[in-house]
2 protein chains.
Amino acid sequence: MVKRQSVESELRERILRGDLTPGDRLPEVQLAEELGTTRFAVRSALQALEARKLVERTPNAGVVVARLDHDRLQEIYDVLELLEGLAARLAAQKSTPADWAELQELFAEGGGLDEAAEGGDIDVFLAAIDRYRDTVIELADQSFLAEMLVGVRDQSHLLRRRILMTPGRMQESLAEHRMVIDALVRGDAEGAEQLKRHNMQTARKRLSRYRDFLV
Amino acid sequence: MVKRQSVESELRERILRGDLTPGDRLPEVQLAEELGTTRFAVRSALQALEARKLVERTPNAGVVVARLDHDRLQEIYDVLELLEGLAARLAAQKSTPADWAELQELFAEGGGLDEAAEGGDIDVFLAAIDRYRDTVIELADQSFLAEMLVGVRDQSHLLRRRILMTPGRMQESLAEHRMVIDALVRGDAEGAEQLKRHNMQTARKRLSRYRDFLV
DNA sequence: GGCGACAATATTGTTGACAATCATGTGCGG
DNA sequence: CCGCACATGATTGTCAACAATATTGTCGCC
């Protein structure tokens, strides 16, 4: 009976999907009956989510979905840039060109992503980037880095969508990812790392520029 | 009443000090009476330590101090190199030469660290490096990075001592830290980052070379 | 009408008892 | 003597009731 874990992942998904927004309260009893489980299981799950910094707890008062803080997000992007760069570098080192066939096809010109970028179809675009992420993490083959990346990404996840909504970001991101993937296919570890880091830097700049809209 | 936190920090310190070694069991009831508290508080603390990867839990069987795994430690050092480098870079950017006066004096030739390195006085040497760490983290002034560094360092902490015990490591590390500090005093962010990364790389090499002894 | 004290309510924190599960030791059969 | 089934004990997992605390609402006073 893995109740805690299922409750934890359910709540995590709701937070990441934006179903629960920052500041929303998470009362234990209400969640318990809503999820058809006990208060105990919910409590354990909330403790785990607190350790992941997805929720904040104020003693005897309650738990709320973690609020986004601009300065902290900037700091998160500093770290994320390094981790994403490392993942790209390792993936380039450990892979062969054939490993990238699917991803290459997905991102190829005429593959529909240009239209998605123009049309503002964020979900299609996000799905493509998720495929990039999954592939890189799998090929980088480092469990510790993977755990780390998941944790840091989770904390900045709500921003991803909003950054993509800033004018021209999808086209910009698409072009950058194509360059990254080219380097990965070539097995150019240094290039892949630098290009991915550059991709994160341009995202970070948007975070500063559109600060008022984003946070 | 902050029972959980005090129990958590107590157990954390015992693990980091080596008072509890990897594989040691941590029975809830025994720890409760040993620490003069309740099983509930111990349990909460163990859950928190599990999230930090300092202990491992096998369902219905018990909790043990996290075991060290060579491959995982290599991966940890990959990440640690990046984070320590970032901290050095930020500290260099945000500081003035005066901020480093104390540290500079501590690491100066004739300050006693050479003798400690020669004499194998690990505790004196570790205290000096801790001072370096504290100073850099304070001047880097990024809470997120600081939390991250603490978490990753904790997981590799037991290795630090052992790596320092390998032949010539203390002298090597001392020379490297002097170069890092020089760069920090100069405000040379790039140099500080690269030099600190190099310092982590040489540590990582020892981890490989003395693998059998260390893990 | 605004503000502060205070009561009422809702929510979390804690406790002890009980159930579930795994590790260990014992005896039987081969 | 070895291995396996099984009982026993130790340990963790779960629950429901109770206590402690913060929040909210209300009343009286200025």
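Throughout, a chain's letter reflects where its sequence line sits, starting with A, and its residues are numbered from 1. Side-chain atoms are counted along with the backbone in the values below, which use heavy atoms only and exclude waters and symmetry mates. This one's a predicted model, so the numbers in the text were calculated from it and none came from an experiment.
The phosphate of C:dG13 has neither OP1 nor OP2 within less than 4.0 Å of any side-chain N or O from B:Arg4. Checking the phosphate oxygens (OP1, OP2) of C:dT15, a side-chain nitrogen or oxygen of B:Lys3 falls inside 4.0 Å.
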Listing, residues 62-70 of chain A side-chain donor-acceptor contacts under 3.5 Å, not counting sequence neighbours, or none:
{"unit_1": "A:Asp69", "atom_1": "OD2", "unit_2": "A:Arg72", "atom_2": "N", "d": "3.1"}
{"unit_1": "A:His70", "atom_1": "NE2", "unit_2": "A:Gln74", "atom_2": "NE2", "d": "3.2"}

Could you tabulate the donor-acceptor pairs under 3.5 Å formed by side-chain atoms of residues 123-131 of chain B, not counting sequence neighbours?
{"unit_1": "B:Asp123", "atom_1": "OD1", "unit_2": "B:Arg161", "atom_2": "NH2", "d": "2.5"}
{"unit_1": "B:Asp130", "atom_1": "OD1", "unit_2": "B:Arg160", "atom_2": "NH1", "d": "3.4"}
{"unit_1": "B:Asp130", "atom_1": "OD1", "unit_2": "B:Arg160", "atom_2": "NH2", "d": "3.0"}
{"unit_1": "B:Arg131", "atom_1": "NH2", "unit_2": "B:Glu102", "atom_2": "OE1", "d": "3.1"}

Would you give me the side-chain donor-acceptor pairs under 3.5 Å for residues 42-51 of chain A, sequence neighbours excluded?
{"unit_1": "A:Arg43", "atom_1": "NH1", "unit_2": "A:Glu28", "atom_2": "OE2", "d": "2.7"}
{"unit_1": "A:Ser44", "atom_1": "OG", "unit_2": "A:Phe40", "atom_2": "O", "d": "3.2"}
{"unit_1": "A:Glu50", "atom_1": "OE1", "unit_2": "A:Arg57", "atom_2": "NH1", "d": "3.0"}

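Between A:Asn60 atom CG and C:dT12 atom P there is a gap of 10 Å when expressed in whole angstrom units. A:Gln5 places its CD atom 13 Å from the P atom of D:dG13, with the value rounded to the nearest Å.
For A:Arg25, there are no salt bridge (charged side-chain N to carboxylate O under 4.0 Å, His left out) partners, not counting sequence neighbours. Legend: residues meeting side-chain hydrogen bond (donor to acceptor under 3.5 Å, both in side chains) with A:Ser95, ordered by chain and number and at least two apart, are A:Trp100.
A donor-acceptor contact shorter than 3.5 Å links the side chain of B:Lys94 to the backbone of B:Ala140.
The stretch residues 25-56 of chain A touches DNA chain D through A:Thr38, A:Phe40, each having a heavy atom within less than 4.0 Å of the strand.
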